[in-house]
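Quick note: numbers below take in every heavy atom, side chains included, and nothing from hydrogens, waters or symmetry partners. Along the sequence shown, residues carry numbers from 1.
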Amino acid sequence: MLPLIVFAVGLAVYNYKQDRSDATRRVLETVRSMRLVLDSEVQRMTGGLQVLALTNSLRNGDFQNFRRISLGFLDQYGKGGLVLISDRKGRLLFSSTTEDTASLPPRGNLEIIEKVFATKSPQYSDLFTGAINRRQVLTVEVPVLRDGEVIYDLCFSPPLGIFQELVEKQRPDRLWTVSLLDTKGFVFARAPNPSETFGKQASGALYDAMSRTPEAALSTVSLDGVALSSAFTRSQLTGWTIVAGVAESSLIAPLWRNIAITSLIGGILLLVGLTFAVRMATTIARGEMLHNLLIEELNHRVKNTLALMQAIAVQTFRSASRDERTKFEGRLGALAEAHNLLSQEKWAGSELQDVIARALQPFLLNGPDRIRMAGPSVPLSPRLAVVLTMIVHEIATNAAKYGALSNETGRVTLDWEVITEAPKPRLRLIWTEIGGPPVTAPVQRGFGSRLIERSARDQLGGEATVDFLPRGVVCTVTCTLDEAQ
């Protein structure tokens, strides 16, 4: 019996080491997944601000009219959000909290304002004390351009509860500790104990590792004094770091439990013999197989997403101009919105109207009644939802820059129908613009036009046509609906 028990204990120790290795991989995969979710949320904020920066009322200094638009933007985020506009010296020209900007103090964190004017690109701050509410805040800041030059800094201070809610949703269970840190290692969202740890700097071992590498797995001690098996990864978009860890005690407890159980049933194992051992091994193998399948499915989803992001980046940044970088950020934001919608539906597909509404959300802030949508209920597969999101985003972006959404009077009608006479059902969308600036056909097609045409042809099995009519642009997209729909 003793040799059998020793063998069983050795097997339990081996399984513990395997489980610990699996736990380390799981923690690292969790922080990577959270990084994608965090970047998606921040990109959505950035995209909305960039749409605000394109409004004529803001670029022309009509802050009274811009106030209505900015309040519509803030409604998405609930109470506690703040929109500010300042010049290069930090003088406040607009605040969503009051019309009396003369009584407001100068902007805090002048360094980030200088970066916005110098780089002409969005910037993301660390925690700092806001000049208006005297509380710790984070900001997302984008430039307002006129004739290629930065004229204002457009600043959005989101409610920090958004990030706390993100942490709570992404936290796997109560044995995990999950934190969001700024570039200097200060906590701005955490579970558990968010109020006790807010604004504190990461513990020594973790902070040292963060200063050396953007991603790693290691053993740490949390701010609560709990030993953790941890991992972290840094966002390339914001520079913020996502940290997650599972309590070491939760990994060790199963080892002692397994050893105790093994010792207790050692005599029974001796009597039952090889048959019971084989059946146990089969059960363990099935559990390992299921675990591996789940991990492979997660990797498959992430790899598909990253491959699509990489393809867009290669095409967009080939000439490396600033305008193209802005376009890429918008496209990436549209892609993230499509994935958010599909994630809510557990990747079972989504409704066409929901997909279109998500894609057009930033463009509705300046006048929800300027875009009319009409059509039947059409369920879409995840593949169609992602591709149609990108196409609708490109069409709307062109309208916001050059077409009916670039002035105060233009309107857009988006109709769709399902054609059932064909061997396979086909979807037809018609984007019609009226009231915009005079229409002239472009001398050459840009990447956006090629993206629309190639996506419709190669990924949807259909086609896209653009007609530059005197009254406005008409874009027609047809595609074959998946048979599963």
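Counting heavy atoms from C-beta on, the side chains of P158 and F163 come closer than 4.5 Å. Between L384 and L460, some side-chain heavy-atom pair lies under the 4.5 Å cut-off. Side-chain contact check for N398 versus V473: every heavy-atom pair is 4.5 Å or farther apart. Contact check for L84 versus L92: side-chain heavy atoms found under the 4.5 Å cut-off. Considering only heavy atoms from C-beta on, F128 stays 4.5 Å or farther from I112 through its side chain. You'll find the side chain of I162 stays beyond 4.5 Å of the side chain of L166, heavy atoms only. Using a 4.5 Å heavy-atom threshold, the side chains of P214 and F232 count as separate. F363 places none of its side-chain heavy atoms less than 4.5 Å from the side chain of R370.
Legend: side chain to side chain donor-acceptor pair (under 3.5 Å) pairs involving residues 191-201, not counting sequence neighbours, sorted by first then second residue: N193-D224. Each salt bridge (charged side-chain N to carboxylate O under 4.0 Å, His left out) pair with one or both residues in residues 206-221, not counting sequence neighbours, appears once here: R32-E215, R35-E215. Within the structure, salt bridge (charged side-chain N to carboxylate O under 4.0 Å, His left out) contacts touching residues 128-141 (residues at least two apart or in different chains) are R107-E141. Residue pairs that meet the side chain to side chain donor-acceptor pair (under 3.5 Å) test with at least one member in residues 236-245, sequence neighbours left out, are S235-T238.
Applying the side chain to side chain contact (heavy atoms under 4.5 Å, CB included) test between L380 and each of D354, V386, L388 identifies L388 as the sole match.
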(message) Applying side chain to side chain contact (heavy atoms under 4.5 Å, CB included) to V187 and F198, what does each step give before you reach the verdict?
(response) CA-CA 5 Å; V187 176; F198 178 82; 5.5 Å; no
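In this model, a donor atom of one side chain and an acceptor atom of the other lie less than 3.5 Å apart for S377 and E351. Side-chain contact check for Q123 and T119: at least one donor-acceptor pair (N or O, by modelled atom type) lies under 3.5 Å. Defined by atom type and a distance below 3.5 Å, a donor-acceptor pair is missing between the side-chain atoms of T139 and S157.
By the side chain to side chain donor-acceptor pair (under 3.5 Å) test, D126 is found to be paired with T183, residues two or more places apart in sequence or in another chain being considered. By the salt bridge (Lys or Arg N to Asp or Glu O under 4.0 Å) test, R88 pairs with E114, sequence neighbours left out. Here E408 pairs with nothing under the side chain to side chain donor-acceptor pair (under 3.5 Å) rule; sequence neighbours left out. For R428, the salt bridge (Lys or Arg N to Asp or Glu O under 4.0 Å) partners are E417, not counting sequence neighbours. In terms of the salt bridge (Lys or Arg N to Asp or Glu O under 4.0 Å) criterion, residue partners of D87 (sequence neighbours excluded) are, by chain and number, R91. The salt bridge (Lys or Arg N to Asp or Glu O under 4.0 Å) check on D415 picks up R372, with sequence neighbours excluded. Take A399 and apply the side chain to side chain contact (heavy atoms under 4.5 Å, CB included) test, not counting sequence neighbours, and it matches L405, W431, E433. Every residue two or more places apart in sequence or in another chain that forms a side chain to side chain contact (heavy atoms under 4.5 Å, CB included) with A244 is listed here: V27, V31, W176, V178.
Taking the charged nitrogens against the carboxylate oxygens, R25 and E29 have no contact shorter than 4.0 Å, which rules out a salt bridge.
Aromatic ring orientation, F156 versus Y77: tilted (interplanar angle from 30° to 60°).
Rounding to the nearest 0.5 Å places CG of L36 at 10.0 Å from CD of Q170.
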